[in-house]
Peer 1: 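First, the structure itself, so that you have it in front of you.
Values below: all heavy atoms of this structure, side chains included; hydrogens, waters and symmetry mates excluded. Nothing here was measured: the structure is a model prediction, and the numbers come from that model.
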Amino acid sequence: MRSDEIKKGLQRTPHRALLYASGVSEKQMNKRFIGIASSFTDLVPGHCGMREIERQIEKGIHSGGGQAFIFGVPAICDGIAMGHSGMNYSLPSRDLIADCVESVAVAHKLDGLVLLTNCDKITPGMLMAAARLDIPCIVVTVGPMSDGKCHNDTLTMIRGTFEAIGKFTNGEIDEKRLKEMEITSCPTAGACQGLYTANTMACLTEVIGMSLPGCATSAAVSAKTKRIAFDSGVIINELVEKDIRPSSIITRESIRNAIIVDLALGGSTNSILHLLAIANEAGADITLKDFEELSFKVPQIIKLDPSAAKTMTDLDNAGGIPAVLKTIYGNIKEMTDTKGVSGLRVSEIAAVDIWCDNEVIRPVSDPVTSNPGLAVLHGNIAPSGAVVKISGVEKDALVFTGKAKTFNSEEDAMKAIMEDKIQSGDVVVIRYEGPKGGPGMREMLSPTSAIVGKGLGSKVALITDGRFSGGTRGLCIGHISPEAPAGGLIGLVKDGDEIYINIPEREITLRVPESEIETRRKTYTPHPSKVKKGYLKRYSTVVSSSDKGAITSI
């Protein structure tokens, strides 16, 4: 066992003494040392209920013959960090989490890991660590919170708060109703209810095979999640005994399976960043071209909040990811028969006699739309690519031409939106919000939600070198690469410039003569970095572009 390096032999007498001091018994000293990397925190609703789940995992580890050790990793709530400088730290925290898990696991020579996670950047950070360490690992995503209810209306965090702000400023609801929605939108612990980044990544983790079947959609406050946690604790012992490592699970084939399901779900655009980063750690040959290729072959068969009224609760009741695999496997030929930590292959999960609600999970032959949920666009303004969540775009906005209104920060754009300076036919351009320019590539749920709340969701486009929340809907195009500080054309756009967007043709073009672009480029000076010290300064110097996954590997 790897842990023998800290507990066997005469020279390890001091090490054993310290382990005894932590409460390890003589009998347990010879057991497998299993770490529980827990992202528990009182600060994040998706994680504040993890203490019970930690206990279940610990029970499972001990029942399976191991010795459990819980250690913490940081967690940031994107919803709470949204709309201010805190969001600069969200994406960078993903790589920080991977570094934290690596540091503890290697320093203490753990034999295996249970990665307890739930929200946006924490889950991909955990998967990056698993791929990097390549020791036996299993992931437990805690699951979504219950749906909110207000006056018999079903609410989610996005519809009940961010979009409610726009409705309030438009006079559609009064202050009393706004307060009621604020209090009732998020009624329990768990990840926010829709197919935002947290739940998208949980679903893709299950598809890749790093969590047990049913884990992704199981409610955070359910007994089902407790049972999955216990079983995961037992199974990690088997994975260690058989030396089954992430390198045999997180592969090019399993990541492509995740891309297929992501397109079918219409998940968060952030998943593209994260899958690219995970693939990089795993040494899997995955690029934006894989998303482009598969996007023409995979229809969208599920439509959940924020693009529809149905939530993760409905997806779980409809059979969850096993039912999705049952629907897709064999009907989309690019899907590969990979094996996960459960020991089951995709074909075996798909063969299970499970009820599938076709009102929620549509057959491939009768999809929600023939378009995929996500797409990669190209053009002179995004030669290295840009990303759009097609599932959140109204049909009459799939082809759009508008005039640019440019902003060099999210705050400036938000101010203009709230002051009704954005009108039908505008293309809101927000730059200097990319991986380097932000730094940290902030999510922009506030401006996108405000646009939708003001009834402009299909009448206004928003493009940025930053990114969007998984809760975003409307004609919103992010990840424009190269970003402004790297000399990207988005930095040269001026107010009044015409921008053409054609999602079916995967095109985004700045309609300005090349001679004019060259004239602008000669006098262009990128804005200086917004940070001068600390973690974000270090991050901004090493982070890659968004089309590479915004990774910090040097």
Side-chain angles (χ1 to χ4, degrees), residues 1-7 15 31-40 54 57-58 60-61 64 66-75 92-118 121-141 201-202 204-206 208-212 215 232-233 235-252 254-255 258 274-286 338-342 542 549 551-554:
M1 292 187 289
R2 292 172 184 83
S3 58
D4 287 348
E5 195 170 339
I6 62 169
K7 64 187 184 184
H15 304 65
K31 299 294 180 65
R32 306 175 191 94
F33 278 14
I34 307 296
I36 303 172
S38 172
S39 52
F40 164 80
E54 288 173 357
I57 295 170
E58 190 175 31
I61 289 170
Q67 169 64 45
F69 298 91
I70 299 173
F71 65 94
V73 299
S93 75
R94 179 194 70 184
D95 296 63
L96 182 63
I97 288 161
D99 292 346
C100 287
V101 175
E102 175 196 355
S103 299
V104 174
V106 175
H108 292 265
K109 298 301 175 186
L110 298 174
D111 297 307
L113 290 171
V114 180
L115 303 165
L116 179 59
T117 174
N118 209 25
K121 310 307 166 296
I122 300 92
T123 298
M126 296 281 204
L127 287 168
M128 289 167 68
R132 183 188 303 172
L133 288 164
D134 201 28
I135 63 174
C137 294
I138 189 168
V139 178
V140 177
T141 53
M201 289 310 302
L204 303 189
T205 300
E206 187 175 326
I208 289 170
M210 286 300 294
S211 61
L212 296 183
C215 185
S232 297
I235 287 172
I236 188 61
N237 286 281
E238 300 171 11
L239 297 175
V240 171
E241 185 176 352
K242 297 175 182 177
D243 198 26
I244 297 174
R245 307 184 191 187
S247 56
S248 67
I249 297 170
I250 307 175
T251 62
R252 169 172 167 76
S254 68
I255 295 174
H274 300 324
L275 289 175
L276 289 171
I278 293 162
N280 176 74
E281 293 287 358
D285 182 20
I286 296 288
T338 56
K339 182 189 286 189
V341 290
S342 66
V542 298
I551 57 175
T552 56
S553 299
I554 299 175

Peer 1: Write down the atom of Val114, the atom of Ser232, and the distance for their closest heavy-atom approach.
Peer 2: CG2-O, 4.4 Å
Peer 1: Out of curiosity, Ile208 CD1 to Leu275 CG, how far, rounded to the nearest 0.5 Å?
Peer 2: 5.5 Å
Peer 1: Against the six-membered ring of Phe33, is Lys7 placed for a cation-pi contact (under 6.0 Å from the centre, within 45° of the normal)?
Peer 2: yes
Peer 1: Given side-chain contact (heavy atoms from CB on, under 4.5 Å), test Ile249 with Thr338 step by step and report yes or no.
Peer 2: CA-CA 8 Å; Ile249 297 170; Thr338 56; over 6 Å; no
Peer 1: I need the Thr552 OG1 to Asp95 CG distance, nearest 0.5 Å.
Peer 2: 3.5 Å
Peer 1: Can you tell me if Asp111 uses its side chain to pair, donor with acceptor, with the backbone of Ser3 under 3.5 Å?
Peer 2: yes
Peer 1: Would you confirm whether Thr251, through its side chain, and Ser254, through its main-chain N or O, come within 3.5 Å as a donor-acceptor pair?
Peer 2: yes
Peer 1: Report yes if the side chains of Glu58 and Ile36 come closer than 4.5 Å at any heavy-atom pair, otherwise no.
Peer 2: yes
Peer 1: Which pair of non-hydrogen atoms, one from Ala75 and one from Ser39, has the smallest distance, and what is that distance?
Peer 2: CB-O, 3.7 Å
Peer 1: Side chains of Glu54 and Ser38: donor-acceptor distance under 3.5 Å anywhere?
Peer 2: yes
Peer 1: Step by step, would you call His274 with Arg94 a side-chain contact (heavy atoms from CB on, under 4.5 Å)?
Peer 2: CA-CA 9 Å; His274 300 324; Arg94 179 194 70 184; 3.2 Å; yes
Peer 1: Taking it one step at a time, do Phe71 and Leu113 satisfy side-chain contact (heavy atoms from CB on, under 4.5 Å)?
Peer 2: CA-CA 11 Å; Phe71 65 94; Leu113 290 171; 3.9 Å; yes
Peer 1: Which pairs of donor and acceptor atoms, one on a side chain in residues 122-141, lie under 3.5 Å apart (sequence neighbours left out)?
Peer 2:
residue : atom : partner : partner atom : Å
Thr123  : OG1  : Thr117  : OG1          : 2.8
Arg132  : NE   : Glu281  : OE1          : 3.2
Arg132  : NE   : Glu281  : OE2          : 3.4
Arg132  : NH1  : Asp99   : OD1          : 2.8
Arg132  : NH1  : Glu102  : OE1          : 2.7
Arg132  : NH2  : Glu281  : OE2          : 2.8
Asp134  : OD1  : Ser247  : N            : 2.9
Asp134  : OD1  : Ser247  : OG           : 3.0
Asp134  : OD2  : Ser247  : OG           : 3.0

Peer 1: Quick one: pull up CD1 in Ile244 and CG in Leu239 and give me the separation to the nearest 0.5 Å.
Peer 2: 5.5 Å
Peer 1: Look at the side chain of Asn237 and the backbone N and O of Ile61, then say whether any donor-acceptor pair between them is shorter than 3.5 Å.
Peer 2: yes
Peer 1: Mind checking what makes side-chain hydrogen bond (donor to acceptor under 3.5 Å, both in side chains) contact with Ser342, not counting sequence neighbours?
Peer 2: none
Peer 1: Is there a side-chain contact between Met201 and Lys121, using heavy atoms and a 4.5 Å cut-off?
Peer 2: no
Peer 1: With a 4.5 Å cut-off on side-chain heavy atoms, are Ser93 and Pro74 touching?
Peer 2: no
Peer 1: What's the verdict on salt bridge (Lys or Arg N to Asp or Glu O under 4.0 Å) for Arg245 and Asp243, showing C-alpha distance, side-chain angles and the deciding distance?
Peer 2: CA-CA 6 Å; Arg245 307 184 191 187; Asp243 198 26; 3.0 Å; yes
Peer 1: With rounding to the nearest 0.5 angstrom, report the NE2 to CD distance, His108 to Glu5.
Peer 2: 13.0 Å
Peer 1: First locate atom CG of Leu110, then atom CE of Met1, and finally report the distance between them rounded to the nearest 0.5 Å.
Peer 2: 12.0 Å
Peer 1: Working to the nearest 0.5 angstrom, can you tell me the gap between Glu206 CD and Ser211 OG?
Peer 2: 5.0 Å
Peer 1: Should Glu241 and Arg32 be marked as a side-chain contact (heavy atoms from CB on, under 4.5 Å) after you check the CA-CA gap, both sets of side-chain angles, and the distance that decides it?
Peer 2: CA-CA 9 Å; Glu241 185 176 352; Arg32 306 175 191 94; 3.3 Å; yes
